[in-house]
S.K.: 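One structure coming up, written as structure tokens, with questions to follow.
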Protein chains: 4
Amino acid sequence: MFIELDLQSETPIYAQLVDQIVEGIASGALKPGDPLPSIRNLAEDLGINLHTVNKAYNLLKQEGFLQVHRKKGVIVQPDGMPGVTEAFEEKLRQQLRSLAAAAAVRGMTEETFAQESRSVYRDTITNRGGEQR
Amino acid sequence: MFIELDLQSETPIYAQLVDQIVEGIASGALKPGDPLPSIRNLAEDLGINLHTVNKAYNLLKQEGFLQVHRKKGVIVQPDGMPGVTEAFEEKLRQQLRSLAAAAAVRGMTEETFAQESRSVYRDTITNRGGEQR
Amino acid sequence: MFIELDLQSETPIYAQLVDQIVEGIASGALKPGDPLPSIRNLAEDLGINLHTVNKAYNLLKQEGFLQVHRKKGVIVQPDGMPGVTEAFEEKLRQQLRSLAAAAAVRGMTEETFAQESRSVYRDTITNRGGEQR
Amino acid sequence: MFIELDLQSETPIYAQLVDQIVEGIASGALKPGDPLPSIRNLAEDLGINLHTVNKAYNLLKQEGFLQVHRKKGVIVQPDGMPGVTEAFEEKLRQQLRSLAAAAAVRGMTEETFAQESRSVYRDTITNRGGEQR
DNA sequence: GTGGTCTAGACCACC
DNA sequence: GTGGTCTAGACCACA
């Protein structure tokens with residue numbers, strides 16, 4: 001499994017899970033229709049609580065990134081990912097605003113900030129094509 | 001005062017305060033050396049507890065954005081803001097990664113994402129250079 | 001617990017807590033990875049408010065002496081203590097300067113002052129290396 | 001005057017005053033019998049409140065470092081400085097303990113700590129012989 | 001009047 | 001159970 005948790009991070013474990021699964025999908029490591037480990041398995045592998053994994057999967061299901069089948073178990077949304085909704089745009093902007101302000105105050109230029117964004121996006125996407133290790 | 005709180009938001013009040021003050025500095029609405037309202041005043045104005053304001057001010061102090069001056073009270077750091085530290089870069093990247101992944105999965109292109117970042121940065125900065133005095 | 005507070009002292013309770021925990025680490029009574037009492041437990045044991053303990057723990061966390069672990073609670077930094085930073089050297093010197101001046105004025109010789117420092121250091125360190133497990 | 005205040009330090013102004021006067025005596029810049037500026041003058045020079053200077057002078061008088069004459073004004077104790085009292089030893093040790101622990105935890109050796117103490121003592125003493133500038 | 005400290009008591013998210 | 005956040009209300013040192 002490609003998930004690494006930081007137990008002393010201030011971001012809750014379930015959120016780290018969510019993030020990393022989304023990153024997995026973005027990078028192509030997880031493709032539409034791909035199965036995810038069962039709640040029980042993943043929890044055990046990572047040494048964390050069932051509730052925590054459950055919460056993460058539920059959030060992802062609600063957002064439309066996962067499907068939970070009674071038989072197939074949990075799989076990556078095969079019927080097309082949700083698009084760029086109004087709500088998402090709003091959330092994205094709000095978070096970017098906070099980051100941009102902090103960056104600007106510290107003297108980071110618009111150019112650098114945009115480059116940084118672009119480069120991070122590319123990195124995220126780029127591992128596409130299959131490390132599952 | 002230019003601060004607006006969303007008491008229902010899941011981001012803690014003190015964090016909203018921190019964000020908005022940083023944005024205030026980034027936008028130039030708050031300039032180095034400018035005084036901030038006293039803890040009690042601001043708390044009363046916003047209808048929140050003084051400890052909450054105190055926490056926000058303290059965080060900003062330890063990050064180097066504010067100074068607590070024996071005579072002038074709390075002021076915006078006059079001796080140069082902290083620069084782009086290693087730690088900040090790391091935090092910025094980490095947050096961008098999460099945003100970029102979510103954007104990518106939803107089909108937002110690299111170009112759009114970078115443009116969005118740039119545009120938000122610009123908005124944040126705007127009105128820098130000439131108001132209020 | 002090995003902590004003793006002087007509630008009448010002019011040094012704030014939270015600062016006494018910080019000092020004593022650092023001394024505990026220095027003496028080896030607290031080893032890297034060791035758990036500390038929960039905020040509420042310690043507060044109750046010491047007969048003080050939980051916020052006071054919380055403040056002390058937080059200060060120690062940001063200095064890098066403690067970690068707040070999602071599962072284990074609060075533990076002594078297991079990944080190596082922070083080293084002798086520029087800032088620490090500065091703070092140390094400043095405090096020593098004040099002490100040295102007072103000592104000198106009262107007629108304490110350089111030799112005695114240095115010996116005193118050495119001896120206190122040794123006392124602090126003593127019992128390092130082998131108790132409690 | 002050789003006094004420099006840091007208005008955004010967390011040590012109160014009156015304490016900074018006390019420290020620097022003691023350092024002045026230790027270094028020989030201020031000799032027994034030497035006059036100090038009047039409360040009013042010093043307050044004005046430093047741009048601080050009368051009360052603050054007054055408090056500092058009073059503390060120094062109580063400790064026996066200064067004399068306040070109705071005619072001569074404030075002078076450095078001419079009749080011999082107070083010696084190393086029990087109480088002073090205690091206070092010194094307590095403060096050194098805290099410093100030593102912090103130093104030890106950060107990996108500073110006994111030798112370095114003692115050297116540091118000695119060197120700071122020497123610096124404090126050394127300017128002896130008259131810069132009044 | 002300022003910030004700093006402390007208390008008592010509450011709710012919530014996380015695990 | 002844990003830490004994190006928030007409130008209400010108090011006292012004190014400082015300037």
Side-chain angles (χ1 to χ4, degrees), chain A residues 5 7-17 43 46-56, chain B residues 5 7 9-17 35-44 46-59 61 66-75, chain C residues 5 7 9-17 35-44 46-59 61 66-75, chain D residues 5 7-17 43 46-56:
Chain A
L5 299 178
L7 296 185
Q8 63 244 28
S9 161
E10 61 180 4
T11 64
I13 296 181
Y14 81 91
Q16 294 183 45
L17 265 178
L46 299 174
I48 60 180
N49 198 296
L50 289 179
H51 300 342
T52 311
V53 179
N54 193 33
K55 181 162 190 175
Chain B
L5 298 178
L7 299 185
S9 164
E10 62 177 359
T11 67
I13 300 179
Y14 79 90
Q16 295 181 46
L17 265 176
L36 271 74
S38 80
I39 294 181
R40 282 169 179 75
N41 271 189
L42 186 51
E44 194 171 3
L46 299 174
I48 60 179
N49 191 278
L50 86 178
H51 290 113
T52 309
V53 178
N54 192 31
K55 181 163 190 175
Y57 277 8
N58 261 322
L59 282 173
K61 181 176 101 186
L66 299 185
Q67 270 187 6
V68 178
H69 206 278
R70 288 263 161 205
K71 313 192 71 169
K72 302 180 203 160
V74 181
I75 61 174
Chain C
L5 298 178
L7 299 185
S9 164
E10 62 178 358
T11 67
I13 299 179
Y14 79 91
Q16 295 182 45
L17 265 177
L36 270 75
S38 80
I39 294 182
R40 282 169 177 77
N41 271 189
L42 186 51
E44 193 172 2
L46 299 175
I48 60 179
N49 192 279
L50 86 178
H51 288 113
T52 310
V53 177
N54 191 31
K55 181 162 188 175
Y57 277 8
N58 261 323
L59 283 174
K61 180 176 100 185
L66 299 184
Q67 270 187 6
V68 179
H69 205 278
R70 286 264 160 204
K71 313 192 69 171
K72 303 182 202 161
V74 181
I75 61 175
Chain D
L5 299 178
L7 295 186
Q8 61 243 29
S9 160
E10 62 180 3
T11 64
I13 297 180
Y14 82 92
Q16 294 183 46
L17 265 179
L46 299 174
I48 61 180
N49 198 296
L50 288 180
H51 301 342
T52 310
V53 179
N54 194 31
K55 180 163 189 174

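These numbers were taken from a predicted model, which means no experiment stands behind them. Per chain, numbering begins at 1; letters A, B, ... match sequence-line order.
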S.K.: Under 3.5 Å for both donor-acceptor distances, Watson-Crick or wobble: does E/dG4 have a partner, and if so which one?
M.R.: F/dC11
S.K.: To the nearest 0.5 Å, how far apart are CG in B/Asn41 and CG in B/Leu50?
M.R.: 11.0 Å
S.K.: I want to confirm an ordering. Mapping B/Leu50 and C/Gly73 to their closest nucleotides on DNA chain F, which one lands closer to the 5' end?
M.R.: C/Gly73
S.K.: Tell me the interatomic distance from B/Leu7, atom CG, to F/dC6, atom P, rounded to whole angstroms.
M.R.: 9 Å
S.K.: Counting only side-chain nitrogens and oxygens, does B/Ser38 get under 4.0 Å of the OP1 or OP2 atom of E/dG1?
M.R.: no
S.K.: Could you check whether atom NE2 of C/His69 has more than 12 heavy atoms from other residues, nucleotides or ligands sitting under 6.0 Å from it?
M.R.: yes
S.K.: Can you tell me the distance, in whole Å, between the CG atom of B/Asn58 and the P atom of E/dT5?
M.R.: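 In whole Å, E/dT5 P and B/Asn58 CG are 8 Å from each other.
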S.K.: May I ask you to verify if any side-chain N or O of B/Thr52 is less than 4.0 angstrom from the OP1 or OP2 atom of F/dT7?
M.R.: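 So the side-chain polar atoms of B/Thr52 do come within 4.0 Å of the phosphate oxygens OP1 or OP2 of F/dT7, strictly under.
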S.K.: Report which part of the nucleic acid C/Arg70 touches: base, sugar-phosphate, or nothing (heavy-atom distance under 4.0 Å, all strands).
M.R.: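 Result for C/Arg70 = sugar-phosphate.
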S.K.: What distance do B/Asn58 atom CG and B/His51 atom NE2 have between them, rounded to the nearest 0.5 Å?
M.R.: 11.0 Å
S.K.: Using atom NZ of D/Lys55 as one end and atom P of F/dC12 as the other, report the distance to the nearest whole Å.
M.R.: 13 Å
S.K.: Tell me the interatomic distance from C/Ile48, atom CD1, to F/dC11, atom P, rounded to whole angstroms.
M.R.: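 From C/Ile48 CD1 to F/dC11 P: 20 Å.
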S.K.: Rounded to the nearest 0.5 Å, how far does CD of B/Gln16 lie from CG of B/Leu7?
M.R.: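 So the gap between those two atoms works out to 7.5 Å.
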S.K.: With DNA chain F as reference, determine whether C/Asn41 or B/Ile13 sits nearer its 5' end, using the nearest nucleotide of each.
M.R.: C/Asn41
S.K.: Check the distance between F/dT2's C1' and C/Glu44's CD and give it to me in whole angstrom.
M.R.: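 Answer to the nearest Å: 15 Å.
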S.K.: Calculate the interatomic distance between B/Ile75 atom CD1 and E/dG3 atom C1'; express it in whole Å.
M.R.: 14 Å
S.K.: Could you state the atom-to-atom distance from OH of A/Tyr14 to P of E/dA13 in whole Å?
M.R.: 9 Å
S.K.: Using only heavy-atom distances, decide whether a donor-acceptor pair under 3.5 angstrom links the side-chain of B/Arg40 to the base of E/dG3.
M.R.: yes
S.K.: Under 4.0 Å between a side-chain N/O of A/Asn49 and OP1 or OP2 of E/dC14, yes or no?
M.R.: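 So the side-chain polar atoms of A/Asn49 never come under 4.0 Å of the phosphate oxygens OP1 or OP2 of E/dC14.
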S.K.: Please pick, from F/dG3, E/dG3, E/dC15, the nucleotide with the shortest atom-to-atom distance to any side-chain atom of A/Pro12.
M.R.: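 Looking only at heavy atoms from C-beta outward on A/Pro12, the closest nucleotide is E/dC15.
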S.K.: Looking at E/dC15, does its base get a donor-acceptor pair with the side chain of C/His69 below 3.5 Å?
M.R.: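 Side chain to base: no pair present.
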S.K.: Which residue, B/Asn54 or A/Thr11, contacts DNA chain E at a nucleotide closer to its 5' end, judged by nearest heavy atom?
M.R.: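 Nearer the 5' end of the strand: B/Asn54.
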S.K.: Given the rule in the side chain to side chain contact (heavy atoms under 4.5 Å, CB included) test, do B/Leu17 and B/Ile48 qualify, once you have shown the distances and angles that lead to the verdict?
M.R.: CA-CA 11 Å; B/Leu17 265 176; B/Ile48 60 179; 4.1 Å; yes
S.K.: Measure the distance from CG on B/Leu59 to P on F/dT5 and round it to the nearest whole Å.
M.R.: 9 Å
